[in-house]
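In what follows, chains carry the letters A, B, and so on, assigned in the order in which the sequence lines appear, proteins first and then strands, with residues in each chain numbered from 1. Not measured: the values here are computed from a predicted model.
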Amino acid sequence: MSQEEVISDSEEYDPLSSGLEPEIESLSTDTDSRMALNTNKAGMEGLDKDKINKIIIEASKGSKFYINQKKRQEIASKRNMKLKQEMERITKSDLERAILETNYEIELLESTRDLSSIIVHVDMDAFYASVEMRDDPSLRDIPMAVGGSSMLSTSNYVARKFGVRAGMPGFIAKKLCPDLKIVGGSFDKYRAVSKVVRGIFHEYDPDFSPMGLDEAYINITQHVRSRIQHFLIDNNRELREDPVFDKLDICSIDQYWDRGLVENIVREMRGKIEAATQLTASAGIAVNTMLSKICSDMNKPNGQFFLPPVRDNLIEFIRNLPVRKVCGIGKVTEEMLKSLGIIKVQQLYEKRAELKILMTDCSYQNFLRIFMGLGSTELEVKSDRKSRSTERTFPEISNPLKMYEMLEKLSSELSDDLKKKGCAGYTIGIKLKTVDFEIKTRVMTIPYPTNDCKDILTCSRTLLDKEIALLKPKMLKLRLMGVKVSGFGLGEDELNQTEAGESKAKRRKLQPNMPSLIDMFNSNSNSFEPPSINNSNYPLQAKEDLGNYTFRNSLSQQPEDSPDPNPQSSSTCPICSQIITGGNLTLNKHIDSCLNKRYIRDELSPYTAPIKTAGKQCKSSTNSQLSIQSYFTKSKDNNHHL
DNA sequence: TACATACAC
DNA sequence: TATGGTGTATGTA
Ligand SMILES: Nc1ccn([C@H]2C[C@H](O)[C@@H](COP(=O)(O)OP(=O)(O)OP(=O)(O)O)O2)c(=O)n1
Ligand SMILES: [Mg+2]
Ligand SMILES: [Mg+2]
Ligand SMILES: [Mg+2]
C-alpha cells in the first residue's frame, strides 16, 4: 500500500532536491507524471499501473527524452508548489469576497443553460488498428498496434490491457507486451474510411463538425424533430414504419429528447457506419459538446451512452468524474489542479473561489463552465486554417549543410502543399528540436504573402543561420526540423470578394513591383532582417548538389567568406543588431546576455493550457468585470440571490 | 509580433 | 537503436 516503502531501493540522489528548498521539495507529490502511463483512455481500466510504469521508467531511464521530461516536470512541479503556497496565503476576507463574486457569476451562467440541443459525439473504436484488423483477419484476436518501433499511433483493445497505447514508442510497448504485433499504417486508407463515415454523419447533420479523421460532433436535434414530424403526419406507409419508433409512444414533436427514440437513432447511425465500413463506433449523447465527448468514451468500444438532458443529472454526472476526463485538461493541468487538492470536478466547484483568485480569468471561466456542466450547444462552422507546416524527425544532424538540405526538402514540400491549397502567408517559421529534445521556434514576417519554395527556403535559412551563429561555438545538434507558413490573411479566392478583401488586395498589389526576397537580401537595402551571418567554423564539405541554389551565397556567407573577425574588431550582435567592439570574448558575453533576455524570462513558465476545444466560442462573460461590479452595487440593496 | 507551453488526435 | 506529425489556443513580453 504505502508507496514510500516500496520505492526505497530505487530512490535516486537528486542534486536539485538537496539544500536550498527542502520544504518545497518534500512537498513534491509529482515525480513521474510526464513519463508514467496515461490510463485516461478507454480500455485501460483496472491495469496494474505500478508494474507497467516500472517497465516504462526502466526502459526510458537515462535517455535524452527521459532527462528532458524530468526537467520539464521539475519546472511544472515548482510552479505547482508556488501555486499551492499562494493558495494557502489567500486571506479569509479575499476568499469571502471571491466566493460572493463567483456565486454571482455562477448564477449568471446558470441563466444561459440550454438543454435543448441533442449533441452527439461519435468516435471510431481504435480507429487505425481496427482498419488494419479488418483488412488482415490474423490480427483480430491478438494484441496489435499501428506504427513502428519508435512510435505507435494507436493500439487495439487487446493490447491496451498490457498498457500499450497511442503515443508510446513501439520498443517500450514490446517490453510491456512481447507478443505485440506492430504493423505500419496507411493514412490514405484511413482517410478513405473517414470519408465514408463522414458521409453518414452528413445524413444526420449537414453541419456536423469533424475533429480529426475518426470522430465528429453531430447536432441531431433537427434530424430527430423532422423524423418525428414525418412519422406523425406523413401518410407514407414506409415512414410510419420507421423502425426507430418501434414500441415507442411518440405523439408530439416536443418529445424529440425521448431517450428511446434518440438512442435508437444513434444506434441506427452506428449501424450504418458498421455496415458501410465493417468498423465499430461509439457515441455519447448529451446537451453539449463537452459532455457528449465524455459520454462517447463511457461505453467504448462499440457502445453508446445517453446523458439525460436534466440539469441535476448532468451536474451529478460531471462532478463525480476526475477532471482529467474533460477535453482540454491534460497531464499538466491535472497535476496543477492536484496540487490544489482538486482531483474530481466536484472539488473544482468547492475550490471555485480560490481558482478565481489564482487563475487567469480565462482558465477560471473555463473551470466554472466545467463544473456547471456547460459547453457548446452549437457546432462551429469550420473556420479556415491559420497555418500549414511540415516537419520531420531524423537521425542526428549537426552539419549545417545537411540542415540546409533538409530545409530545402521541407520548403519544397510545404510550398507544394500551400500551392495545392491556394494559400500564401506573410509569416515564415522554422522549428528545431535538438537531440536533447529542446524545441525552438523562430519566425519572421515578410512584406507580402508567399507560398514560393525559394522564399520559404530563404527565410528559413536566414532563421537557421541566425540560430547557428547565436549558438557558436556550441554546435547545433538536431533531431527534427520543420517549416511553417502562417499569417494567411485572406486566401487568393477571397481577396477580390469582400470590400475589406479588395483594399487588402490593393495594398498587396505592389507585388509585381516588389523586389523578391532574394533581391532584398542582395541589395541589402532596408532589409527586414539583418543579414544573417554564417561564419560558423563547421567543416563544410562542398557537395555537388549545392549548386542549384544561386541565392544561397547571397543569403549567407560561406564560412571561408567570413572568417573569424579580427579579435579587436567590432561585430554585430545577431540578436539585437547592436555593434559590439572588443573582440570575440566581449561579443560572446554580449550574446549570452542577449540570449538570457530572450529565453529566460521567468524562472517559472506560465501555465497555458488551451481552453477552446469544440463548438462555438462561449459568448458568455464578455464583460465579467462589469457584471461583478453591477453585482456589488446591486447586492447592497438585495443580496438575497446568493 | 515572437516565443514557449499545453492539448488533441 | 529507438519517444511522431499537424494544427490550435493561451500567457507573457
Ligand atoms: N496520439 C495519437 C492519438 C491518435 N492518433 C490517431 C490514431 C487513432 O486511431 C486515431 C483516432 O484517435 P482516438 O483518440 O480516437 O483513438 P482510437 O480511435 O485509436 O481509440 P479509441 O477507441 O479510444 O477512440 O488518431 C494518433 O496518430 N496519435
Ligand atoms: Mg477513436
Ligand atoms: Mg478520436
Ligand atoms: Mg482531458
Side-chain angles (χ1 to χ4, degrees), chain A residues 34-35 38 40-41 56 59-60 63-69 72 75-76 79 123-124 127-128 146-154 165-175 182 185 187 190 194 210-216 293 324 326-336 359-363 365-366 380 383-396 410 413-414 417 426-427 429-431 433 435 437-445 463 479-487 528 575 597-602 604-614 617:
Chain A
R34 294 188 80 100
M35 289 301 303
N38 169 7
N40 181 42
K41 188 140 191 70
I56 293 176
S60 304
S63 69
K64 300 202 156 159
F65 180 80
Y66 182 82
I67 292 166
N68 179 266
Q69 292 294 306
R72 293 153 73 87
I75 291 166
R79 187 177 59 201
D123 187 303
M124 304 295 293
F127 185 46
Y128 295 1
V146 177
S149 63
S150 39
M151 186 52 57
L152 302 180
S153 289
T154 195
R165 56 159 298 159
M168 178 179 278
F171 72 91
I172 290 182
K174 274 285 197 182
K175 300 195 175 180
I182 299 177
F187 205 67
Y190 312 140
S194 182
M211 311 290 296
L213 282 187
D214 92 318
E215 68 189 80
K293 169 81 186 170
R324 185 66 156 86
V326 178
C327 187
I329 295 188
K331 272 181 201 296
V332 175
T333 307
E334 178 184 35
E335 288 300 323
M336 184 269 289
M359 310 303 293
T360 64
D361 193 54
C362 185
S363 290
Q365 297 285 339
N366 184 44
E380 197 171 12
S383 67
D384 290 345
R385 265 235 267 265
K386 294 174 178 166
S387 67
R388 307 191 75 89
S389 63
T390 174
E391 64 189 56
R392 199 147 303 139
T393 295
F394 39 70
E396 174 176 334
L410 294 167
E413 275 179 33
L414 182 58
D417 176 55
Y426 289 95
T427 304
I430 61 169
K431 173 171 165 181
K433 179 149 66 180
V435 292
F437 291 87
E438 305 277 3
I439 293 167
K440 301 175 203 279
T441 59
R442 300 291 180 256
V443 297
M444 71 194 290
T445 296
L463 294 165
R479 75 178 337 268
L480 170 147
M481 298 178 81
V483 293
K484 176 189 310 225
V485 169
S486 56
F528 43 88
I575 313 292
K597 273 183 220 153
R598 189 162 164 185
Y599 301 124
I600 307 174
R601 299 190 179 100
D602 199 347
L604 299 181
S605 51
Y607 163 77
T608 59
I611 304 301
K612 193 170 175 221
T613 50
Q617 180 73 301

| query | With a 4.0 Å cut-off on heavy atoms, is Tyr607(A) in touch with a base, just the backbone sugar-phosphate, or nothing at all? | reply | sugar-phosphate
| said: For a quick check of understanding: with a heavy-atom distance under 4.0 Å over all strands, which category does Met35(A) fall into, base, sugar-phosphate or nothing? | reply: base
| request: Would you classify Lys331(A) as touching base, sugar-phosphate or nothing, given that sugar-phosphate means primed atoms plus P, OP1 and OP2, and contacts are heavy atoms under 4.0 Å? | output: sugar-phosphate
| task | Would you mind classifying the nucleic acid contact of Leu213(A) as base, sugar-phosphate or nothing, using non-hydrogen atoms under 4.0 angstrom? | result | nothing
| task | With sequence neighbours left out, write down each residue that passes side chain to side chain contact (heavy atoms under 4.5 Å, CB included) with Glu438(A), or none if nothing qualifies. | result | Asn68(A), Lys71(A), Thr434(A), Asp436(A)
| request: Return the set of residues passing side chain to side chain donor-acceptor pair (under 3.5 Å) with Ser153(A) (not counting sequence neighbours), or none when no residue passes. | output: none
| query | Reckon Ser63(A) touches a base, only the sugar-phosphate, or nothing at all at heavy-atom distances under 4.0 Å? | reply | base
| query | So what does Gln69(A) hit on the nucleic acid, given a heavy-atom distance under 4.0 Å: a base, only sugar-phosphate, or nothing? | reply | nothing
| request: May I ask you to say what Lys175(A) touches in the nucleic acid, namely base, sugar-phosphate or nothing, with a heavy-atom cut-off under 4.0 Å? | output: nothing
| said: Quick check on DNA chain C: between Cys362(A) and Phe394(A), whose nearest nucleotide comes earlier from the 5' end? | reply: Phe394(A)
| said: Classify Leu152(A) by what it touches in the nucleic acid, base, sugar-phosphate, or nothing, heavy-atom distance under 4.0 Å. | reply: nothing
| task | Output all residues satisfying side chain to side chain donor-acceptor pair (under 3.5 Å) with Gln69(A), sequence neighbours left out; order by chain, then residue number. | result | Arg34(A)
| field | Partner set under side chain to side chain donor-acceptor pair (under 3.5 Å) for Lys331(A), not counting sequence neighbours | value | none
| said: What's Ser60(A) touching, base or sugar-phosphate or nothing? Going by heavy atoms closer than 4.0 Å. | reply: base
| Which part of the nucleic acid does Ser149(A) contact within heavy-atom distance under 4.0 Å: base, sugar-phosphate only, or nothing? | base
| said: Holding to side chain to side chain donor-acceptor pair (under 3.5 Å), I want the full list of residues that pass it with Ser389(A), two or more places apart in sequence or in another chain. | reply: none
| request: Dot-bracket notation for DNA chain C is requested: 5' to 3', Watson-Crick or G-U wobble pairs only, both distances under 3.5 Å, with ( ), [ ], | and . as defined. | output: ....|||||||||
| query | Which part of the nucleic acid, if any, lies within contact of Ser150(A), taking any heavy atom under 4.0 Å across all strands shown: a base, the sugar-phosphate backbone alone, or nothing? | reply | sugar-phosphate
